[in-house]
Asks: 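Here it is: the structure, laid out below.
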Amino acid sequence: GQSTGSAGVSRWAESWRSLEPTQGVYNFAEVKSDLVLAKTLGKQLIMIIEDKTFVLEKPGPDYLDKLPGGPYNARNRANGYTVVRWAPAVVTRFNALTKALGTAFDSNLNFEGIATQETALGFESPTLQKYGYTPEKYRDALINTLGTASANMPKSRVFWLMNFLVGNQSYIGNIASALAPKGVVMGGPDVWPENKSLLSKVYPYYTQFAGKMPLFGQVENVCYSIPHSSGGGYWTMNELFNYAKKNLHVNYMFWVRVTKASSAKTYDWTDAWPVIKANPTWTPAP
């Protein structure tokens, strides 16, 4: 529901290629194992489907690269790969994946749902041109895949990580308008209160869609070591939580498990954990 927020979930990532090692043949063994653990711990599982990497590992199955128009695992500027998400062949196969996941897990009470990765693609212009990118194609592909995923798992949630859409940032709002009636949860990286790019290009959509669709925020690695612009030390985990609750109106809060602070004065997961335990539920600001 949209009236309360929840911290009682866990997120776990699985690459598309590991979930579908060959076309139409799925390997959900680890998902099943994690759901058993989630039930034992009394938690909910949100599974990230990885289709973007920041290391030299392809996130998409090898068969994608052999489909007409491929290869669809394309190098990005982050020294990794991103699947060409707007390609019709990729859209078709991703929809088949979420259909298989819904069939297998939508009835599982500990399966909260799936999450995508950020909308930022990380492609240089030549790669965008090679694959015929337009912001309209990307907008329509996201509406298609996320909307289909929601239909494929009606009892679960689809978490859409949005930030930047190359070529037309205003399409974030168009996508959100199309997905809000379908129960999709919108949000993403980062909870970074004074980041000018996020403040101007991303955070207004949280305000625009608060109460119209569930929202979430994610504290990433960098967020654990953000200094106040006023010079008053670093943003504490409690400050980040309160900012997300009041300014981003979140129903879900995700915390990346950072095990070591970047310096003696910054924060890590051990500082986030008391905030998580103290706020099992909350009421988002309207």
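Numbering starts at 1 and runs along the sequence shown.
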Asks: Can you tell if the side chain of Met253 reaches within under 4.5 Å of the side chain of Val191, non-hydrogen atoms only?
Replies: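 Answer yes - side chains close enough.
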Asks: Report yes if the side chains of Phe209 and Ile172 come closer than 4.5 Å at any heavy-atom pair, otherwise no.
Replies: no
Asks: Assess whether side-chain hydrogen bond (donor to acceptor under 3.5 Å, both in side chains) is satisfied between Ser197 and Asn195, documenting all intermediate values.
Replies: CA-CA 6 Å; Ser197 184; Asn195 182 283; 4.6 Å; no
Asks: Under a 4.0 Å threshold between the charged nitrogen and the carboxylate oxygen, would Arg77 count as salt-bridged to Glu124?
Replies: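 Here Glu124 pairs with Arg77 in a salt bridge, since their nearest N and O are under 4.0 Å apart.
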Asks: Going from OG on Ser156 to CG on Asn110, what distance comes out if it is rounded to the nearest 0.5 angstrom?
Replies: 11.0 Å
Asks: Quick one: does Asp268's side chain have a donor or acceptor within less than 3.5 Å of a partner on Val258's backbone?
Replies: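 Side chain of Asp268 to backbone of Val258, a donor-acceptor pair under 3.5 Å: no, none is there.
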Asks: Are any of the side-chain heavy atoms of Phe241 and Ile276 separated by less than 4.5 Å?
Replies: no
Asks: Please examine the side chains of Pro59 and Asn73, heavy atoms only from C-beta on, and report whether any two atoms are closer than 4.5 Å.
Replies: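 Answer yes - side chains close enough.
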Asks: Which residues pass the salt bridge (charged side-chain N to carboxylate O under 4.0 Å, His left out) test with Glu20, sequence neighbours left out?
Replies: Arg93
Asks: In terms of hydrophobic clusters joined by side-chain contacts under 4.5 Å, are Leu37 and Leu19 together?
Replies: no
Asks: Taking only residues two or more places apart in sequence or in another chain, which ones pass side chain to side chain donor-acceptor pair (under 3.5 Å) with Asn163?
Replies: Glu118, Thr119
Asks: So, the side chain of Arg75 versus the backbone of Gly80: is there a donor-acceptor pair under 3.5 Å, distance only?
Replies: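 Flag set: sc Arg75 to bb Gly80 pair under 3.5 Å.
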Asks: Shortest non-hydrogen contact from Tyr252 to Glu112?
Replies: OH-OE2, 2.8 Å
Asks: Is there side-chain contact between Ser18 and Asn27, with heavy atoms separated by less than 4.5 Å?
Replies: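 Not touching, per the 4.5 Å side-chain cut-off.
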Asks: Under 4.5 Å between side-chain heavy atoms, counting indirect links through other Ile/Leu/Val/Met/Phe/Trp/Tyr residues: same cluster for Leu248 and Trp192 or not?
Replies: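 Linked, Leu248 and Trp192 end up in one cluster.
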Asks: Is Val91 reachable from Ile49 through a run of hydrophobic residues whose side-chain heavy atoms are each under 4.5 Å from the next?
Replies: no
Asks: With rounding to the nearest 0.5 angstrom, report the CG to OG1 distance, Asn221 to Thr259.
Replies: 9.5 Å
Asks: Which heavy atom of Leu101 sits nearest a heavy atom of Met153, and at what distance?
Replies: CB-CE, 4.0 Å
Asks: Do you know which two heavy atoms are closest between Ala74 and Thr127, and how far apart they sit?
Replies: CB-CG2, 4.0 Å
Asks: Could you check if a side-chain atom of Val219 sits within less than 4.5 angstrom of a side-chain atom of Val256, using non-hydrogen atoms only?
Replies: no
Asks: With a sphere of 6.0 Å drawn around NZ of Lys99, does it hold more than 12 non-hydrogen atoms of other residues, nucleotides or ligands?
Replies: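 12 or below, so no.
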Asks: Determine whether Val36 and Met47 fall in the same hydrophobic cluster, where Ile, Leu, Val, Met, Phe, Trp and Tyr are linked whenever their side-chain heavy atoms lie under 4.5 Å apart.
Replies: no
Asks: Without swapping roles, check the side chain of Glu194 against the backbone of Ser229 for a donor-acceptor pair under 3.5 Å.
Replies: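 Between the backbone of Ser229 and the side chain of Glu194 there is a qualifying donor-acceptor contact (under 3.5 Å).
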Asks: Quick one: does Arg17's side chain have a donor or acceptor within less than 3.5 Å of a partner on Gly60's backbone?
Replies: yes
Asks: May I ask you to test the Leu121-Arg85 pair for a side-chain heavy-atom distance under 4.5 Å?
Replies: yes
Asks: Using 30° and 60° as the class boundaries, would you call the ring planes of Phe216 and Phe159 parallel, tilted or perpendicular?
Replies: perpendicular
Asks: If only atom types and distance count, is the side chain of Tyr133 paired as donor or acceptor with the main-chain N or O of Gly167 below 3.5 Å?
Replies: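 Not at all, since once roles are kept as given, no pair shorter than 3.5 Å links the two residues.
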Asks: Using only atom types and a distance under 3.5 Å, with no angle test, would you say the side chain of Lys52 pairs donor to acceptor with the backbone of Gln117?
Replies: no
Asks: Quick one: side chain to side chain donor-acceptor pair (under 3.5 Å) partners of Thr98, sequence neighbours excluded?
Replies: Asn152
Asks: Taking Asn242 for the side chain and Glu239 for the main chain, is one N or O donor matched with an acceptor at less than 3.5 Å?
Replies: no
Asks: For the residue pair Phe111 and Phe105, categorise the inter-ring angle as parallel (less than 30°), tilted (30 to 60°) or perpendicular (more than 60°).
Replies: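 Aromatic pair Phe111/Phe105 classed tilted.
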Asks: Does a donor on one side chain sit under 3.5 Å from an acceptor on the other, for Thr53 and Glu57?
Replies: no
Asks: Partners of Ser225 by side chain to side chain contact (heavy atoms under 4.5 Å, CB included), sequence neighbours excluded?
Replies: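 With neighbours one apart ignored, the set is Ser262, Thr266.
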Asks: Might you point out which heavy atoms bring Ile46 and Ala115 nearest each other, and give the distance in Å?
Replies: CG2-CB, 4.0 Å
Asks: So, Ser170 versus Asn174: side-chain donor-acceptor pair below 3.5 Å or not?
Replies: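 No - no donor-acceptor pair under 3.5 Å links their side chains.
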Asks: Distance check, rounded to the nearest 0.5 Å: Asn247 atom CG versus His249 atom NE2?
Replies: 7.0 Å
Asks: Which residue pairs pass the ring-ring contact (aromatic ring centres under 6.0 Å, His included) test with at least one member in residues 42-70, sequence neighbours excluded?
Replies: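 Checked against ring-ring contact (aromatic ring centres under 6.0 Å, His included) - neighbours excluded - no pair reaches residues 42-70.
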Asks: Just verifying a value: how many Å separate Tyr72 OH and Asp65 CG, rounded to the nearest 0.5 Å?
Replies: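 Atom-to-atom, Tyr72:OH and Asp65:CG are 9.5 Å apart.
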Asks: For a quick test of reading the model, state the closest non-hydrogen atom pair linking Val166 to Pro135 and the distance between them.
Replies: O-CB, 3.7 Å
Asks: Roughly how far, to the nearest 0.5 Å, is the CZ atom of Arg157 from the CG atom of Asn251?
Replies: 8.0 Å
Asks: When you measure from the side chain of Gln218 to the backbone N and O of Phe254, does any donor-acceptor pair fall under 3.5 Å?
Replies: no
Asks: Below 30° counts as parallel, above 60° as perpendicular, anything between as tilted: where do the rings of Tyr131 and Trp86 land?
Replies: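 The rings of Tyr131 and Trp86 stand perpendicular, inter-plane angle above 60°.
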Asks: Are any side-chain N or O atoms of Ser177 and backbone N or O atoms of Gly173, one a donor and one an acceptor, separated by less than 3.5 Å?
Replies: yes
Asks: What verdict does the ring pair (Phe, Tyr, Trp, His ring centres under 6.0 Å) test give for Phe94 and Trp16, after you've listed the backbone C-alpha separation in whole Å, the side-chain angles of each residue and the deciding distance to 0.1 Å?
Replies: CA-CA 9 Å; Phe94 191 85; Trp16 182 351; 5.5 Å; yes
Asks: According to a hydrophobic-cluster definition based on side-chain heavy atoms being under 4.5 Å apart (Ile, Leu, Val, Met, Phe, Trp, Tyr only), do Trp273 and Leu41 belong together?
Replies: no
Asks: Could I get the full list of ring-ring contact (aromatic ring centres under 6.0 Å, His included) partners for Tyr81, not counting sequence neighbours?
Replies: none
Asks: How about Phe164 and Leu198: do any of their side-chain heavy atoms sit closer than 4.5 Å?
Replies: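 Touching, per the 4.5 Å side-chain cut-off.
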Asks: Report the C-alpha separation of Leu67 and Gln23 in whole Å, then their side-chain angles, then the decisive distance to 0.1 Å, and conclude whether the side-chain contact (heavy atoms from CB on, under 4.5 Å) test is met.
Replies: CA-CA 10 Å; Leu67 296 178; Gln23 185 170 349; 4.1 Å; yes
Asks: Looking at Val250 and Trp282, what are the two nearest heavy atoms and their distance?
Replies: O-NE1, 2.8 Å
Asks: Closer than 3.5 angstrom, by distance alone: can the side chain of Asn79 be matched with the main-chain N or O of Val55 as a donor-acceptor pair?
Replies: no
Asks: To the nearest 0.5 Å, tell me how far Tyr224 OH sits from Arg257 CZ.
Replies: 10.0 Å
